[in-house]
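Scroll down for the structure; my scribbles are underneath it.
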Amino acid sequence: MSGDLQHDWRGDVETAARRIRERAPHFLRETPLWKLPGRALGVDTPGVEVWLKLEHLQASGSFKARGMMNRLLANEIPASGAIVASGGNAGIATAAAAQALGVPCEVFLPEVSPEAKRARLRSLGARVVVGGAAYADALAACLQRQRETGALLTHAYDQPEVVAGAGTLGREIEQQGGLPDAVLVSVGGGGLIGGLAAWFERRSRVVALEPERAPTLVRAREAGEPVDVEVGGIAADSLGAKRIGAIAWELTQRHVRDALLLPDDAIRAAQSWLWKELKLAVEPAAALPLAALQTGAYVPREGEKICLIVCGANVDPATLA
């Protein structure tokens, strides 16, 4: 599919939405879209309206539920079930989807994954395998196991069904509130920004946000192609992919102009602000859009409608104190 400029990605998103609605109607939540004046979030530009898309309120705790369920529904699942490597959220979403469909699930996690995510996986009935320093190590072990068992591989971010499923989030935003002027979204492997770019295309300005210590898209743009990067810092467990996915690379090259980097301290400050001021308990990855606004990394235009994707809530509550 890479390089196919005529591919109907919006059609894929519509298909994913219909498939999930018809075959797993109670699995996904229609998450709230809060519309607030910009000044409520510290934005001084006149007339700015900030939309908070509270996708962290999915039952599995992140946007990943959309893509993982679409992947499972779009394929025949063998007796060995589904298998996935994950920093945590994709594994939780795959395990939740597998549980809803009554099939087995095996999840490979890197050692950096927090215990809260491991416990959640076990509560969903998944077999959890922890090993390797980073996501790439967990993925290598997962791929070896998949060859042995023949289980359906669910990639955390780089499969067409996963990207199209993530795109249903953009479709839902447009149905709830119309087209925003800008959509600010964090990037790891790129499944979410790929899906949003697929849906919004250039009808809205989609802005990519990455931690300075996990710059997969920025480094790819510098190199002219996806490359491996050293990953660390605050969001390593949830935005810990070593390189941007091939599908997201193609879609962001076509539809995403801006890619911004944010320091860990700004991300942590935004995460703390969301908890203290709005009582939203979110993981660091979900705080990048607010950090971009509050630090001035993203400067809104007068009267702009800006949608912040609050993408995940799988966080240890003790870290929010």
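Both backbone and side-chain heavy atoms feed into the values below; hydrogens, waters and symmetry mates do not. Start at 1 with the first residue, then count along the sequence.
- In this structure the side chain of I193 never reaches within 4.5 angstrom of the side chain of L209, judged on heavy atoms.
- Counting only heavy atoms from C-beta outward, the side chains of V50 and K35 never approach each other to under 4.5 Å.
- E302 places no side-chain N or O within donor-acceptor distance of the main-chain N or O of G47, the cut-off being under 3.5 Å.
- Using a 4.5 Å cut-off on side-chain heavy atoms (C-beta onward), L280 and W275 make no contact.
- The side-chain hydrogen bond (donor to acceptor under 3.5 Å, both in side chains) search around D265 returns none, not counting sequence neighbours.
- The environment of CD in E22 is crowded: more than 12 heavy-atom neighbours from other residues, nucleotides or ligands sit within 6.0 Å.
- Considering CG of L179 and CZ of R203, their distance stands at 4.5 Å, rounded to 0.5 Å.
- Heavy-atom minimum distance, A95 versus A126: CB-CB, 3.9 Å.
- Nearest heavy-atom pair across A198 and L251 is CB-CD1, 4.1 Å.
- Looking only at distances, no side-chain donor or acceptor of T94 sits under 3.5 Å from a matching main-chain atom of G91.
- No more than 12 heavy atoms of other residues, nucleotides or ligands shown are found within 6.0 angstrom of CZ on R39.
- Residues forming a side chain to side chain contact (heavy atoms under 4.5 Å, CB included) with R118 (at least two apart in sequence, or on another chain): L109, S113, E115, R122, V130.
- Cluster note: L72 groups with I20, F27, L28, M69, L73, I77, L101, V103, L152 through ILVMFWY side-chain heavy atoms spaced under 4.5 Å, whether in direct contact or through intervening members.
- A donor-acceptor contact shorter than 3.5 Å is absent between the side chain of R205 and the backbone of P180.
- Looking only at distances, no side-chain donor or acceptor of N70 sits under 3.5 Å from a matching main-chain atom of R66.
- With hydrogens and angles disregarded, no donor-acceptor distance shorter than 3.5 Å links the side chain of S62 to the backbone of C311.
- Contact between G312 and H56 at its shortest, heavy atoms only, is C-CB, 3.4 Å.
- Atom CZ of R213 and atom CG of L261 lie 13.0 Å apart (nearest 0.5 Å).
- Across L217 and A208, no two heavy atoms sit closer than the pair CD2-CB, 3.5 Å.
- By the side chain to side chain contact (heavy atoms under 4.5 Å, CB included) test, Q159 pairs with R71, L153, T154, H155, E161, V162, sequence neighbours left out.
- Judged by distance alone, the side chains of E55 and T31 do bring a donor and an acceptor atom under 3.5 Å apart.
- A cation-pi arrangement is absent between K53 and W51 under the rule of less than 6.0 angstrom and at most 45 degrees off the ring axis.
- E14 meets the side chain to side chain contact (heavy atoms under 4.5 Å, CB included) test with R171, W199; sequence neighbours excluded.
- Salt bridge E230/K242: absent, no basic N to carboxylate O contact under 4.0 Å.
- Here E30 pairs with E172, Q176 under the side chain to side chain contact (heavy atoms under 4.5 Å, CB included) rule; sequence neighbours left out.
- Interatomic distance, NE2 of H255 versus CD of E201, reported as 5.0 Å (0.5 Å rounding).
- In this structure, T149 contributes its side chain and R145 its backbone to a donor-acceptor pair below 3.5 Å.
- Of all heavy-atom pairs between A270 and L290, the closest is O-CD2, 3.8 Å.
- Between Q146 atom CD and S80 atom OG the span is 8.0 Å, to the nearest 0.5 Å.
- One finds a salt bridge joining R243 and D228 here, because a Lys/Arg side-chain nitrogen approaches an Asp/Glu carboxylate oxygen to under 4.0 Å.
- At least one donor-acceptor pair closer than 3.5 Å links the side chain of D158 to the backbone N or O of I247.
- The backbone N or O of A286 lies less than 3.5 Å from no partner atom in the side chain of S186, so there is not a single donor-acceptor pair.
- Under the 3.5 Å distance criterion, the side-chain polar atoms of S60 are left unmatched by any main-chain donor or acceptor of A93.
- A distance of 10.0 Å separates CD of Q253 from CD1 of I244, quoted to the nearest 0.5 Å.
- The side chain to side chain contact (heavy atoms under 4.5 Å, CB included) with L54 is formed by just one residue from the set I309, V310, L278, L308; it is V310.
- Counting all heavy atoms, side chain and backbone alike, R221 lies closest to T252 at NH2-O, 3.1 Å.
- For the residue pair Q271 and W273, no side-chain donor N or O sits within less than 3.5 Å of a side-chain acceptor on the partner.
- Between the side chain of S123 and the backbone N or O of R120, at least one donor-acceptor pair lies under 3.5 Å.
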